[in-house]
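The next block holds one structure in the form of structure tokens; read it before the comments.
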Amino acid sequence: MSGAQKAARAAESRDIRNRWLLSAPALLIVIVAAVGPLFVMLLYSFMVKGDYGDVKFGQFSLDGWSSVLFQRDIFDDTLGLADAHLAIIWRSIKLSFLTTLFTAILGFPTAYFIATRPAKTREIWVFLVTIPFWTNLLIRTFAMQQVIRNEGLLNNALVWLGIIDSPLQIMYTDTANLLGMTYVYLPLMVLPLYASIEKLDFRLVEAGYDLYANRLQVLRRIVLPLVSPGIVAGSILVFIPSLGAYVIPRVLGGGKNMMLGNLIELQFGAGRNWPLGAAISITLMALVMIALLIYVRNAARSGAGHA
Amino acid sequence: MSAEQRQRAIEIRGVSRIYGEGEHRVTALSGVNLAIAENEFFTLLGPSGCGKTTLLRLIAGFDFPTDGEILLHGEDIAPLPPFKRHVNTVFQSYALFPHMTVAENISFGLQMLGRPKDEIKTRLDEMLELVHMTAMRNRQVNQISGGQQQRVALARALAPKPQVLLLDEPLSALDYKLRKEMQVELKRVQAETGITFIFVTHDQEEALTMSDRIAVMSNGEVRQVGTAREIYDQPSDRFVADFIGESNFLEGEVTTVSETSARVKLSSGVEIDASLPAGKTPSGKVTVVIRPEHASVGEPGPDHLNGTLEEAAYFGTDTHFHIRLDSGDLFTVREQNVRSVRDQHRKGERIAAHLGPSAAQILKDRS
């Protein structure tokens, strides 16, 4: 090996070492603050629950995991499905899916509108979309409550217009959860959609029209496939926090319409069943990962051949 | 058969396109009239911003005229959306669908027209054959070269058998050699398919070599329509003469007029013969245009354009002599290089431009 080669190799390894050093603080935070607690959660889920919360450290048990889906009958002690948990898991998946769908349906025209404005005014529209982020989530959720409660804006307006006779019960229903989540997570769908529609080459749209595709066909055959990366990104950004939503179902859904986030909180709080809480947390994480894998796979297939 | 006698594929009647209002008002096209015959290779030629692309977009339906009619085989298509016009476009950037293969791109139009599957397949094979892309049918369009993308764009636009094919500077992204090849290719495809081509370009050489007829445009107006020869040999105004090829312009005054030509007394006092513009009998002050290759350098004399040689630029096949005439005008002569006359003239030498017969042409008063 010549001297020059040696020097080059030394410079390269120094370079790599420097990069590691530079990224060390970030890596440390990720390991300590994310991977560490997850590991603790995993451990807790396999322990015996403590009498007043906490776990009996070192005492192994699968009770936490089995009670995610199963429960012992109070009378004959037989193992049956935990209907309440299943209902909550199903509600979380259903509402998250619907939230993703509604934010996409509402977000797409919005993002398309913004992306087709003149460059000068586009930034103003994007800015307007981000305004809700200025306010705390809890406050926005209470604002939603003011709109949909029995004596709220919506019901009062509908009664005043004579469309309904008595107020609609929206609060403390799945509809309330859905409305709240759609409202709160809509910007998370609009922004990535906007980013990918803005990159769309509108000459392709013209080419579509030129080749006898009507508006619907251009949307389905050209625009949607090309902005699919934005749809995927937006869906991920909406679906994941929806699945773990806590504040919104707490305020709008009430006790009857819990979602996974509330169930976890219940187990760590009043339920005093930390192993179960930990097991549900990990179940939630697994659900998110499965959803992500399915989504990314489908997206990769339908989006093959273009970035 | 002349272009006028053949069936008209496209007729543009008094078409204007005005953008914006008030002080932001921009006139992209004003009162354009054109008739393009079936089977014709028709070129819209002009500098950027002259309105040629706007006119093409109006025919395609991506934009709508402020005023006027666009007739496709006698039917006004100006209010129709692009997907209801039997006209297809080859885009400047090709605009191929990046998420589809070559074959999918080419079949797209036929699919949208709802043609039966076996017809689409036959037509697809035909088109792939026509543009020599059969081997590439299953490639993604970003995996093929620029020239191949060009062929796919052409095949995609031709597949639905449009009544008129619009080509928006389709060769401008290709390098010189490929451009030459594609010029020949386009002519061949047009001859084979018999479809009317409307070709937009700013490249005069491309226009002259490929077109049956050319419309020279400037500032949203059509300045002259004619065959390549008509436009080159009898430019109707100074813009056309200046834009197409190189030209010398000299001011003068008509002294006598005969049936086909006139005597023009130039500002230097020299009198020359100049042919008359079509359909106009000039009088008084006129502008005369002389192509550099229609003059030769020679000894000064009373009947010639006398001056001083400023520069002799050698171009391989020919030499450009830039002569400062005694009138102050700069006059260019282009002479083919013959071995024996090499290096005969020196800078600063007294010299004259000798005009060949019918070298000078009087422009319609426009400048």
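All chains are named by letter (A, B, ...) in the order of the sequence lines, taking the proteins before the strands, and each is independently numbered beginning at 1.
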**For B:A95 against A:A207, the heavy-atom pair lying closest together** = O-CB, 3.8 Å
**Request:** Locate the shortest heavy-atom distance separating A:Y212 from B:P160; write the atom from each residue and the value.
**Result:** CE1-CB, 3.5 Å
Nearest 0.5 Å, please: how far is [atom2] in [Y] from [atom1] in [X]?
X: A:L211; Y: B:R156; atom1: CG; atom2: CZ; value: 5.0 Å
X: B:F97; Y: A:I222; atom1: CZ; atom2: CD1; value: 3.5 Å
X: B:M100; Y: A:L226; atom1: CE; atom2: CG; value: 8.0 Å
X: A:R221; Y: B:M112; atom1: CZ; atom2: CE; value: 4.0 Å
X: A:D210; Y: B:L166; atom1: CG; atom2: CG; value: 7.0 Å

Atom group of [X] that falls short of 4.5 Å from chain A, counting heavy atoms:
X: B:R85; answer: backbone
X: B:L96; answer: backbone
X: B:V141; answer: neither
X: B:Q111; answer: side chain

Heavy-atom count around [X] [atom1] within 6.0 Å, excluding the residue itself: above 12?
X: A:E123; atom1: CD; value: no
X: B:E192; atom1: CD; value: yes
X: A:R203; atom1: CZ; value: no
X: A:K94; atom1: NZ; value: yes
X: B:E129; atom1: CD; value: no
X: A:R117; atom1: CZ; value: yes

**Message:** Shorter than 4.5 Å, heavy atoms on both sides: which option in B:F62, B:Y94, B:F91 has the most such pairs with chain A?
**Reply:** B:F62
**Stepwise side chain to side chain contact (heavy atoms under 4.5 Å, CB included) check, A:Y209 with B:T89** = CA-CA 10 Å; A:Y209 286 137; B:T89 308; over 6 Å; no
**Prompt:** So what's closer than 4.5 Å to chain B heavy atoms on A:E206: side chain, backbone, both or neither?
**Reply:** both
